[in-house]
Amino acid sequence: MRVPHWLSDTARSVHRERAPRIYLCLVAAALVLLAVDTAFITHQAALLSGVWLLLLTLPWTPVLWALLDSVSGINTVEATYGWDGYVLAVVAMLISALVNAVLLGLFSRYRQRQRERQQEQEQDRGVVRP
């Protein structure tokens, strides 16, 4: 089975660029903090580490959580207050992190290409930058 060209380019942009790797390291650190906080400390309110993870993955997490909630068929009260909803939220955050990393990698690659084109145009014009 052959991997499509666009898929390999997308994965390459996440792997090669520095910005998505740093972003994924931050998400992984927040996820580890969330796991440690959940395992060893009992809370009645929202976990601060969960809020950090939510903030890091924000644009897509609420949409994906609602989508996963509707697809899974879980009761809304269970999805909001139970372990099922907790697992759905973490899965939605992980998928959101991957989507954000891909978009960040593509944007980094786009900016790098723009800089290269600008340098080529300046060299063609004879502009010298220190």
Side-chain angles (χ1 to χ4, degrees):
M1 185 172 111
R2 296 192 64 140
V3 177
H5 182 64
W6 62 269
L7 185 60
S8 63
D9 285 345
T10 303
R12 205 174 298 129
S13 70
V14 171
H15 182 322
R16 287 186 181 172
E17 298 297 327
R18 183 180 298 159
R21 286 186 288 163
I22 291 171
Y23 171 74
L24 287 176
C25 287
L26 287 172
V27 170
L31 185 63
V32 167
L33 284 174
L34 178 66
V36 168
D37 199 11
T38 303
F40 296 117
I41 301 170
T42 307
H43 293 284
Q44 291 292 336
L47 305 173
L48 183 60
S49 54
V51 172
W52 279 108
L53 188 58
L54 176 66
L55 289 175
L56 283 171
T57 61
L58 225 183
W60 310 109
T61 301
V63 174
L64 285 173
W65 186 85
L67 179 69
L68 291 174
D69 181 33
S70 65
V71 168
S72 67
I74 298 174
N75 186 355
T76 306
V77 174
E78 290 176 12
T80 305
Y81 298 109
W83 278 101
D84 296 334
Y86 181 78
V87 171
L88 280 178
V90 171
V91 168
M93 288 178 196
L94 292 177
I95 294 171
S96 297
L98 291 176
V99 169
N100 286 342
V102 166
L103 292 175
L104 194 58
L106 292 174
F107 181 73
S108 296
R109 234 171 151 193
Y110 173 74
R111 289 292 296 154
Q112 182 180 6
R113 288 179 182 167
Q114 272 189 337
R115 282 189 211 119
E116 290 172 358
R117 285 185 198 141
Q118 185 180 13
Q119 288 174 356
E120 288 174 4
Q121 288 175 355
E122 288 176 356
Q123 287 176 356
D124 291 343
R125 283 188 249 149
V127 176
V128 178
R129 291 200 172 193

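Side chains included, hydrogens not; waters and symmetry mates left out as well; all remaining heavy atoms used. Nothing here was measured: the structure is a model prediction, and the numbers come from that model.
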Item checked: Minimum heavy-atom distance A101-P20, with the two atoms named -> O-CB, 3.6 Å
Notebook entry, point to check: Are L58 and V102 co-members of a hydrophobic cluster defined by side-chain heavy atoms under 4.5 Å apart?
Noted result: yes
Next item on the list: Give a yes-or-no answer on whether the side chains of R111 and Q114 include a donor-acceptor pair shorter than 3.5 Å.
Entry: yes
Note to self: Would a single hydrophobic cluster contain both L98 and L104, if residues Ile, Leu, Val, Met, Phe, Trp and Tyr are joined by side-chain heavy-atom contacts under 4.5 Å?
What the structure shows: no
Checklist line | L33 with V90, same ILVMFWY side-chain cluster at under 4.5 Å | finding: no
Next item on the list: Check A30 against L53 and note the closest heavy-atom contact, atom names and distance.
Entry: CB-CD1, 3.9 Å
Check: Just how far is it from atom CZ of R115 to atom CD of Q118, taken to the nearest 0.5 Å?
Finding: 9.0 Å
Check: Looking at CH2 of W52 and CG of L26, how far apart are the two atoms once the value is rounded to the nearest 0.5 Å?
Finding: 10.0 Å
Note to self: Check for me, please, whether V63 and V91 land in the same ILVMFWY cluster - side-chain distances under 4.5 Å, paths through other members count.
What the structure shows: no
Next item on the list: Measure the shortest side-chain to side-chain distance between I95 and W60 over non-hydrogen atoms and say whether it is less than 4.5 angstrom.
Entry: no
Checklist line | Minimum heavy-atom distance between G105 and E17, given as atom pair plus value | finding: O-CG, 3.9 Å
Next item on the list: May I ask whether L94 and V51 are part of the same hydrophobic cluster, defined by side-chain heavy atoms of I, L, V, M, F, W, Y residues being less than 4.5 angstrom apart, directly or through others?
Entry: yes
Check: Roughly how far, to the nearest 0.5 Å, is the CD atom of E116 from the CD atom of Q112?
Finding: 5.0 Å
Next item on the list: Side-chain contact test, heavy atoms from C-beta onward, threshold under 4.5 Å: evaluate it for T57 versus Y23 and give yes or no.
Entry: yes
Notebook entry, point to check: Nearest 0.5 Å, what's the OG-CG distance between S96 and L56?
Noted result: 11.0 Å
